[in-house]
Amino acid sequence: MKKTLIVFVILAFFSLAVKAQTDYGAALGVGIDAISYATFIEATGKYFFSSKHAVQADAGFDGRGTILTALYSYHNEFFGTKGLRWYVGTGPSIVLWNGGANTFALRPHLGLDYKIKDVPFIINIDWRPAIVLSNGDNEVGAFGLGLQFAFN
């Protein structure tokens with residue numbers, strides 16, 4: 001019983017320390033993943049598993065197909081500006097084309113994330129090129145834009 005209480009106290013303290021260092025712990029929202037040949041409207045979710053490390057999952061839809069993306073991101077403050085952070089990371093993506101061959105890609109990304117002060121919303125914009133691992137061409141001109149609701 002004593003060990004369980006100690007573990008609980010340590011986990012609670014760690015959880016508070018992580019939240020104190022970040023502006024939010026998780027977020028859900030909508031986004032756009034714009035590639036030269038398609039514009040996907042996405043449902044997106046992000047979760048911080050430590051103060052600077054997050055995972056994000058996106059599911060996007062276009063008239064010609066569906067895109068599923070999972071991203072890891074490292075976040076850091078942008079020149080001491082409260083609420084504004086830069087992030088960088090990578091992750092896999094698959095496009096399921098209607099009536100065509102699926103496309104597998106690696107999606108490195110670099111962007112900015114802004115948590116609006118006193119309002120639970122985040123705006124983000126990123127550059128997320130596609131390094132195609134299956135059929136298709138690499139895509140350098142791919143960008144993402146998102147609006148998310150923040151949870152602590």
Side-chain angles (χ1 to χ4, degrees), residues 11 14-152:
L11 289 175
F14 177 73
S15 175
L16 290 173
V18 168
K19 286 183 182 179
Q21 295 172 5
T22 62
D23 293 323
Y24 61 98
L28 293 173
V30 295
I32 297 171
D33 193 350
I35 304 172
S36 65
Y37 47 83
T39 300
F40 296 96
I41 305 301
E42 297 181 324
T44 182
K46 182 184 285 188
Y47 175 75
F48 280 87
F49 57 90
S50 77
S51 64
K52 294 186 178 189
H53 303 274
V55 291
Q56 180 172 324
D58 301 333
F61 308 96
D62 178 85
R64 294 170 282 177
T66 301
I67 189 169
L68 302 172
T69 304
L71 301 170
Y72 158 79
S73 301
Y74 172 82
H75 291 245
N76 208 352
E77 219 174 63
F78 191 78
F79 297 111
T81 306
K82 182 77 174 140
L84 182 63
R85 294 184 292 181
W86 60 268
Y87 59 90
V88 63
T90 192
S93 192
I94 181 171
V95 181
L96 307 169
W97 296 110
N98 298 337
N102 298 334
T103 303
F104 296 92
L106 185 61
R107 302 290 300 273
H109 61 281
L110 172 66
L112 292 173
D113 178 286
Y114 181 66
K115 164 70 173 66
I116 301 171
K117 185 180 178 182
D118 299 326
V119 179
F121 288 104
I122 298 105
I123 298 171
N124 56 49
I125 186 166
D126 56 23
W127 174 55
R128 47 169 75 179
I131 301 168
V132 177
L133 305 173
S134 63
N135 62 319
D137 296 326
N138 293 335
E139 179 65 45
V140 177
F143 296 90
L145 177 66
L147 177 65
Q148 298 171 324
F149 182 83
F151 300 94
N152 284 331

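Heads up: numbering here begins at 1 and tracks the sequence. Every value quoted in this text rests on a predicted model; they were computed, and no experiment measured them.
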R107 bridged to D33 by N-O distance under 4.0 Å: yes
- request: Taking all non-hydrogen atoms of both residues into account, name the closest pair between A105 and A130 and its distance.
  value: CB-CB, 4.1 Å
- request: Report, as yes or no, whether the 6.0 Å neighbourhood of atom CG on D137 holds more than 12 heavy atoms from other residues, nucleotides or ligands.
  value: no
task: Over 60° means perpendicular and under 30° means parallel, so classify the ring planes of F48 and Y24, tilted if in between.
output: perpendicular
- prompt: What heavy-atom pair brings G63 and N98 nearest, and what distance separates the two atoms?
  reply: O-ND2, 3.1 Å
message: side-chain contact (heavy atoms from CB on, under 4.5 Å), that's the test. Do I32 and I41 meet it? Break it down for me.
response: CA-CA 5 Å; I32 297 171; I41 305 301; 4.0 Å; yes
field: Shortest non-hydrogen separation from T90 to H109 and the atoms involved
entry: N-CE1, 3.4 Å
message: Please report the interatomic distance CZ(F149) to CD1(I122), rounded to the nearest 0.5 Å.
response: 8.5 Å
message: Within the 4.5 Å heavy-atom criterion, are F121 and L147 side-chain neighbours or not?
response: yes
message: Ignoring hydrogens, what is the shortest heavy-atom contact between R128 and G144? Give both atom names and the distance.
response: CG-N, 4.1 Å
- prompt: Hey, mind stepping through N138 and V140 against side-chain contact (heavy atoms from CB on, under 4.5 Å) and telling me if it holds?
  reply: CA-CA 7 Å; N138 293 335; V140 177; 5.6 Å; no
- request: Please state whether the rings of Y87 and H75 are parallel, tilted or perpendicular, taking 30° and 60° as the class boundaries.
  value: parallel
task: May I ask you to check whether F49 and Y47 place their ring centers less than 6.0 Å from one another?
output: no
- line: All heavy atoms of E139 vs all of A142, minimum pair found to be CG-CB, 3.9 Å
- prompt: Once you round to the nearest 0.5 Å, how far does CG of L68 lie from CG of L96?
  reply: 5.5 Å
query: With a 4.5 Å limit on heavy-atom distance, are the side chains of V88 and W86 in contact?
result: yes
message: Could you walk me through whether K46 and D113 satisfy the side-chain contact (heavy atoms from CB on, under 4.5 Å) test, starting with their C-alpha distance in whole Å, then the side-chain angles of each, then the deciding distance to 0.1 Å, before giving a yes or no?
response: CA-CA 12 Å; K46 182 184 285 188; D113 178 286; 3.2 Å; yes
- request: Side-chain contact test, heavy atoms from C-beta onward, threshold under 4.5 Å: evaluate it for S134 versus N102 and give yes or no.
  value: no
side-chain contact (heavy atoms from CB on, under 4.5 Å) assessment of N76 paired with K52: CA-CA 6 Å; N76 208 352; K52 294 186 178 189; 3.3 Å; yes
message: Is any side-chain heavy atom of D58 closer than 4.5 Å to one of F40?
response: no
